[in-house]
There are 2 protein chains.
Amino acid sequence: MKELTKAEEEIMHVLWEAGKGFVKDLIARLPEPQPKYTTVSTIIRILEEKGFVGHNAYGNSHEYYPLITKETYSEHATKSVMKKYFGGSLNRLVSFFVDKNDISDKELEELQKIIQKNQNP
Amino acid sequence: MKELTKAEEEIMHVLWEAGKGFVKDLIARLPEPQPKYTTVSTIIRILEEKGFVGHNAYGNSHEYYPLITKETYSEHATKSVMKKYFGGSLNRLVSFFVDKNDISDKELEELQKIIQKNQNP
DNA sequence: GTTTTTTAACTAATTTTTTAGTTTTTATTT
DNA sequence: AAATAAAAACTAAAAAATTAGTTAAAAAAC
């Protein structure tokens with residue numbers, strides 16, 4: 001899986017949130033300072049080259065949409081961090097935050113339930 | 001917290017693993033193709049500017065060591081991914097992988113124990 | 001139908017990151 | 001002490017990423 005650069009990732013997040021959009025729509029959803037039309041257009045072109053984005057043409061207008069789901073890229077990005085910092089182990093990642101007492105009791109309880117639901121008896 | 005670029009992160013991983021080292025020691029620990037001395041030296045200089053690395057001088061030689069622990073940067077990097085892809089929630093991250101059946105039964109059991117140990121009765 | 005506006009494609013410029021070369025300083029060897 | 005070697009500092013170059021400008025084509029307004 002190709003990596004997204006920072007600027008590319010930001011555009012993808014907008015596309016994932018919006019589902020689809022013309023360049024001007026994407027700009028409208030970006031925080032200040034909003035980039036120039038041409039800047040976003042360039043990034044979109046690269047994203048199409050990389051296979052992350054597709055488009056429907058309406059005359060000269062292009063409506064862009066994600067070809068890779070947020071879930072797919074989430075998995076990639078998370079596994080990458082997990083590999084670099086936790087030997088690829090989810091348990092080590094969770095231990096890290098639990099040991100830090102970064103997680104509230106309520107959250108811990110929820111977490112128990114999440115796991116129990118998926119455990120085979 | 002300043003972000004590490006890819007090359008910077010690789011050097012930091014070597015320093016975290018080794019604890020400390022001269023440039024030539026760091027190069028020795030890097031996989032093929034090993035970068036030039038001057039390349040590593042430049043990256044180290046930038047890491048010192050950014051406050052990630054310090055050094056002890058022995059004459060003209062510098063022995064470098066991390067100023068930021070792997071744990072500190074781990075937390076930053078993981079929270080960054082968690083924020084971008086899981087609304088900042090560890091539970092949503094765990095759910096994601098558990099729902100995917102990416103985690104073996106043995107690991108799930110371990111995970112239960114980790115959480116139980118940290119739960120207040 | 002011509003003018004104006006909008007859009008994307010193409011190109012260029014800037015900035016950041018990465019890699020490498022040269023010079024200077026210090027240490028080591030003879 | 002002079003020659004050689006090793007290291008860091010400094011500088012430069014190349015590559016990648018980001019931002020922006022120009023042009024050409026299509027659509028909309030008049």
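In this text the structure is predicted, and so the values were computed from the model without any measurement. In what follows, chains carry the letters A, B, and so on, assigned in the order in which the sequence lines appear, proteins first and then strands, with residues in each chain numbered from 1.
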Checking dA9(D), dG21(D), dA17(D) against the side chain of Thr5(A) (C-beta onward), the nearest is dA17(D)

Does Thr38(A) place a side-chain N or O at less than 4.0 Å from the phosphate oxygens OP1/OP2 of dT19(D)?
-> no

Is the number of heavy atoms from other residues, nucleotides or ligands under 6.0 Å of Lys20(A) NZ greater than 12?
-> no

Between His13(B) and Tyr73(B), does the ring centroid distance fall short of 6.0 Å?
-> no

Hey, are the side chains of Glu10(B) and Leu30(B) touching, using non-hydrogen atoms and a 4.5 Å cut-off?
-> yes

Could you state the atom-to-atom distance from CD1 of Ile11(A) to P of dA17(D) in whole Å?
-> 16 Å

Can a salt bridge be assigned to the pair Glu17(B) and Lys70(B) using a cut-off of 4.0 Å between side-chain N and carboxylate O?
-> no

Using whole Å, report how far CD of Glu10(A) lies from P of dA17(D).
-> 17 Å

So, with a heavy-atom separation below 4.0 Å from DNA chain D, the residues of residues 52-61 of chain A are Gly59(A), Asn60(A)

List in numerical order all residues of residues 42-49 of chain B for which some heavy atom is under 4.0 Å away from an atom belonging to DNA chain C.
-> Thr42(B), Ile46(B)

Report the distance from atom CD of Glu63(A) to atom C1' of dT7(C), rounded to the nearest whole Å.
-> 14 Å

Whole-Å distance, Lys6(A) NZ to dA17(D) P, equals 14 Å

Before accepting this row, confirm whether a basic side-chain N of the pair Glu75(B)/Lys79(B) lies closer than 4.0 Å to the acidic partner's carboxylate O.
-> yes

Who passes side chain to side chain contact (heavy atoms under 4.5 Å, CB included) against Lys117(A), sequence neighbours left out?
-> none

Length of the CD-C1' vector between Glu3(A) and dA16(D), whole Å = 14 Å

Side-chain contact test, heavy atoms from C-beta onward, threshold under 4.5 Å: evaluate it for Lys100(A) versus Phe96(A) and give yes or no.
-> yes

By salt bridge (Lys or Arg N to Asp or Glu O under 4.0 Å), Glu3(A) pairs with (sequence neighbours left out) none

Step-by-step side chain to side chain contact (heavy atoms under 4.5 Å, CB included) determination, Leu67(B) to Val53(B) = CA-CA 5 Å; Leu67(B) 289 175; Val53(B) 164; 5.6 Å; no

Whole angstrom value for the distance that separates P of dA6(D) from NE2 of His62(B) | 18 Å

Please list, chain by chain and in numerical order, all residues satisfying salt bridge (Lys or Arg N to Asp or Glu O under 4.0 Å) with Arg45(B), sequence neighbours excluded.
-> Glu49(B)

Out of dT19(D), dA9(D), dT19(C), minimum distance to the side chain of Tyr64(B) belongs to dA9(D)

Whole Å only: how far is the NZ atom of Lys36(A) from the C1' atom of dT18(D)?
-> 13 Å

Counting only non-hydrogen atoms, which of residues 16-27 of chain A are less than 4.0 Å from DNA chain C?
-> Val23(A), Lys24(A)

Hey, would you say the Tyr64(A) and Phe22(A) ring centroids sit under 6.0 Å apart?
-> no

From the options dA17(D), dT18(C), dA20(D), select the nucleotide whose nearest atom is closest to the side chain of Ala7(B).
-> dT18(C)

Using distance alone, with no hydrogens and no angle criterion, decide if Ser41(B) and Thr38(B) have a side-chain donor and acceptor under 3.5 Å apart.
-> no

From NZ of Lys2(A) across to P of dA16(D) the rounded distance in Å is 12 Å

